[in-house]
Amino acid sequence: MSAPFRLATGSSGPRQQSPTTCGSACATVARMLVDGPFARWVVHGEGHPVPGAEGSTFPERFASWERTVQARTNGWAASGGRLAVAWPRALGTPPWGLRHELENGCARVGTRYRLVSLRAHSQEALRARYRRLTDLVVDGEPAALYVGNAVLPRHITLVIPGARTGELSVYEPSSGQVLALSEDEFATRRLDLGGWSVPWILVQPTGHRRAGNGSPALAPWRVPQLNPDPTPLRREPGREGVSSSSA
């Protein structure tokens, strides 16, 4: 049986299969990192077929699942049959849709996420946010980072543990590359991720767990508020010893 899917700084992963599915690609890769049978099916076509990930090759199955994810993250229907905030596919993946995806199968069961706006952060606040991420992002609990230019967010990447403690790496879906995520480049808005340099939004683990794996549906027609507060959240006891080795 094939080994579970892994990523590390300097390695390569799958590339997004359309111009608007960077967020879907990140969600698919995040699921592959925590769900071995799903990863084996998508990469090798082995094991039980996954509905929504059809195809005879790795790129075909990956592209099929991207479309499945995009239909969930951008559609009108939330869990429980309630209405959600629909989002045009041409604009990519909305942060609240990606948060729901991460909380439901793309991270370790029970991991909770929050949305954090970074655009108004000072350099000092961005450094504090980066350092907090090095505690929050562990194996099986990645973060999604929206990047763009000075005007708009334009691209989505997946933040995973770095090669060493206190470091972060990032999966960049347009190239498939796994790159080191520098604190200095993050804090000074000089990133080079898919051609975009400015950090805009984080969909990050909270450091807390919930019982079970359900996720509350979004209130109808309400866009979730992005939290600009860089103050670290208190973590629950028992998480401090989680390894931060590379995913």
Query - Gap between atom OG1 of Thr134 and atom CZ of Arg164 - 0.5 Å precision - result: 13.5 Å

Query - Contact list for residues 173-190, test salt bridge (charged side-chain N to carboxylate O under 4.0 Å, His left out), sequence neighbours left out - result: Arg127-Glu183, Arg127-Asp184, Arg131-Glu183

**Report entry** Ser174: partners by side-chain hydrogen bond (donor to acceptor under 3.5 Å, both in side chains), with sequence neighbours left out
**Finding:** Glu172

Report task. Kindly determine whether Leu118 and Arg129 satisfy side chain to side chain contact (heavy atoms under 4.5 Å, CB included), including the steps that lead there. Result -> CA-CA 9 Å; Leu118 304 174; Arg129 179 60 59 187; 3.9 Å; yes

**Report entry** Same apolar cluster: Phe5 and Ile160, side chain cutoff 4.5 Å
**Finding:** yes

Query raised in the report: Are any non-hydrogen side-chain atoms of Thr73 and His100 less than 4.5 angstrom apart?
Result: no

Requested in this report: Kindly indicate, with the supporting measurements, whether the criterion side chain to side chain contact (heavy atoms under 4.5 Å, CB included) is fulfilled by Ile156 and Tyr146.
Outcome: CA-CA 4 Å; Ile156 306 170; Tyr146 285 65; 3.4 Å; yes

Query raised in the report: Do Arg119 and Val198 have side-chain heavy atoms sitting under 4.5 Å apart?
Result: yes

Query - Partner set under side chain to side chain contact (heavy atoms under 4.5 Å, CB included) for Ala30, not counting sequence neighbours - result: Leu102, Cys106, Pro142, Leu158

Query raised in the report: Which residues pass the side-chain hydrogen bond (donor to acceptor under 3.5 Å, both in side chains) test with Glu66, sequence neighbours left out?
Result: Thr21

Query raised in the report: In chain order, what residues pass the side chain to side chain contact (heavy atoms under 4.5 Å, CB included) check against Asn149, with sequence neighbours excluded?
Result: Val151, Leu152, Arg154, Trp196

Query raised in the report: Who are the side chain to side chain contact (heavy atoms under 4.5 Å, CB included) partners of Thr57, not counting sequence neighbours?
Result: Pro59, Glu60

Report summary line: Note: Ser169 and Gly162 closest approach over all heavy atoms is OG-CA, 3.4 Å

Query - Between SG on residue Cys22 and CG on residue Leu193, distance to nearest 0.5 Å - result: 11.5 Å

Report summary line: Between the CG atom in Leu133 and the CG atom in Leu202, the distance rounded to the nearest 0.5 Å is 5.0 Å

**Report entry** Heavy-atom pair with the smallest gap, counting every atom of Trp200 and Ala150
**Finding:** CZ2-O, 3.9 Å

Requested in this report: Taking all heavy atoms of Ile201 and all of Pro95, pick out the closest pair and write down the distance.
Outcome: CD1-CG, 3.9 Å

**Report entry** side chain to side chain contact (heavy atoms under 4.5 Å, CB included) partners of Val50, counting only residues at least two apart
**Finding:** Phe38, Trp41, Ala53, Trp65

Report summary line: Taking every heavy atom of His155 against every heavy atom of Thr157, the minimum-distance pair comes out as CD2-CG2, 3.9 Å

Query raised in the report: If Ile, Leu, Val, Met, Phe, Trp and Tyr residues are connected whenever their side-chain heavy atoms lie under 4.5 Å apart, and connections chain through other members, are Val34 and Tyr171 in the same group?
Result: no

**Report entry** Distance (rounded to the nearest 0.5 Å) between Gln17 CD and Thr28 OG1
**Finding:** 10.0 Å

Query raised in the report: How many angstroms lie between CZ in Arg112 and CZ in Arg99, if you round to the nearest 0.5 Å?
Result: 10.0 Å

Report task. Would you check if Thr111 and Tyr113 make a side-chain contact, meaning some heavy-atom pair closer than 4.5 Å? Result -> yes

Requested in this report: Would you check if Leu126 and Phe186 make a side-chain contact, meaning some heavy-atom pair closer than 4.5 Å?
Outcome: yes

**Report entry** Set of side-chain hydrogen bond (donor to acceptor under 3.5 Å, both in side chains) partners for Ser64, sequence neighbours left out
**Finding:** Glu54

Requested in this report: Please round to the nearest 0.5 Å and tell me the distance separating atom CG of Leu179 and atom CG of Leu168.
Outcome: 12.5 Å

Query raised in the report: Within a strict 4.5 Å, meaning less than it, do heavy atoms of the Pro199 and Leu145 side chains meet?
Result: yes

Report summary line: So salt bridge (charged side-chain N to carboxylate O under 4.0 Å, His left out) across residues 16-31, not counting sequence neighbours, yields Arg31-Glu101

